[in-house]
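What follows is a single structure, written as structure tokens, with notes after it.
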Amino acid sequence: MNDIIALIFIVVGIAFDLFGSIGLVRMPDVYNRLQASTKCVTLGTCGILFGVFVKFGFSAAGVKALLCILFLLLTAPVSAHALARGAHKSGVKLWEKSVCDKYLEDEAGNKQ
Amino acid sequence: MRSRLITFIISLALWLLLSFSLDWPHLLVGVSVALFVALSMGDMFTDSPHKWFSLRRYWWFIVFVAVFTWECLKANIDVAIRVLHPKLPINPGIVKIKTTLKSETGKTFLANFITLTPGTLSVDIGDEDNCLYVHWIDVKTQDPDAAYKIIALRFERILKEVFE
């Protein structure tokens, strides 16, 4: 029974990882790609790690998997944030059909 | 001092969980490294140690984790649908939202939370008047206050209980 639950978590995790990768290819610009990749890949990888935890329970491997989930949840959004901010600061444009860019407007306003 | 004590306990607990054994060599290494970490940079870890001693905050943190997990699942299904949809239904843009959170940790968690919830990705924290710049995959409004109501209001109440 445990094995089946673990397998379900791992399969769902891999599926979300796959969606994230598809998003990485299909989305039009850096920011949208970050959206797809951070969300799906974070949950997908957490799903795989949680499956490992279900399989091994509270043993050395299982607890390490849980800790990995914790670190992943803390670091993945920060790295996405850093990438988005870095891309914007170095002048990567938004997709041409984007609606608005308040960040650029405010930065231009600050420079004047 | 209390900040160092908290750092010591957390780093020792993390080490013991990672090594997952309670024999003497592991304990000795863990205690000495945790002591080194606590003494060298313990006072950077938290600037308001008294917050760590109120149990109410831990209860709200558990609520936060539950809400977070649910929102994270919704976010993923939402993005998966957008990615797999043949027409790619996106309407992206960067909007500005205001936040009423004051503490740095609270703002950090709000930014992380925004990144992991449906369709939004925090790009930067503004210098003045507590605003966040958020990349929104499906822009519904460009007004800071209205956007704040849609994106951040749900979580800010919980985060306030935990961090303020």
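Letters A, B, ... mirror the listed sequences (proteins, then strands); counts begin at 1. The structure presented is a predicted model; accordingly, all values stated were derived computationally and were not measured.
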- Task: Mark yes when over 12 heavy atoms from residues, nucleotides or ligands other than B/Tyr58 sit less than 6.0 Å from its OH; otherwise mark no.
- Result: yes

- Query: When rounded to the nearest 0.5 angstrom, what distance separates CG in A/Leu74 from CZ in B/Phe109?
  - Reply: 5.5 Å

- The interface call for B/Phe68 against chain A, heavy-atom contacts under 4.5 Å, is side chain

Main-chain N/O of [Y] paired with [X] side-chain donor or acceptor, under 3.5 Å:
X: A/Gln35; Y: B/Thr115; answer: no
X: A/Arg26; Y: B/Pro86; answer: yes
X: B/Asp124; Y: A/Arg85; answer: no
X: A/Lys39; Y: B/Asn76; answer: no

- Under a 4.5 Å heavy-atom cutoff, which of A/Gly23, A/Ala84, A/Pro28, A/Cys40 has the most pairs with chain B? A/Cys40

- For each of A/Pro77, A/Ala87, A/Gly20, tally heavy-atom pairs with chain B at distances under 4.5 Å, and name the one with the top tally. A/Pro77

Proximity breakdown for [X] and chain B, heavy-atom pairs closer than 4.5 Å:
X: A/Val78; answer: both
X: A/Ile22; answer: both
X: A/Tyr31; answer: both

- Taking C-beta and beyond as the side chain, do B/Ile77 and A/Phe19 meet within less than 4.5 Å on heavy atoms? no

- Message: A side-chain contact here means heavy atoms from C-beta on lying under 4.5 Å apart; do A/His81 and B/Leu121 qualify?
- Response: no

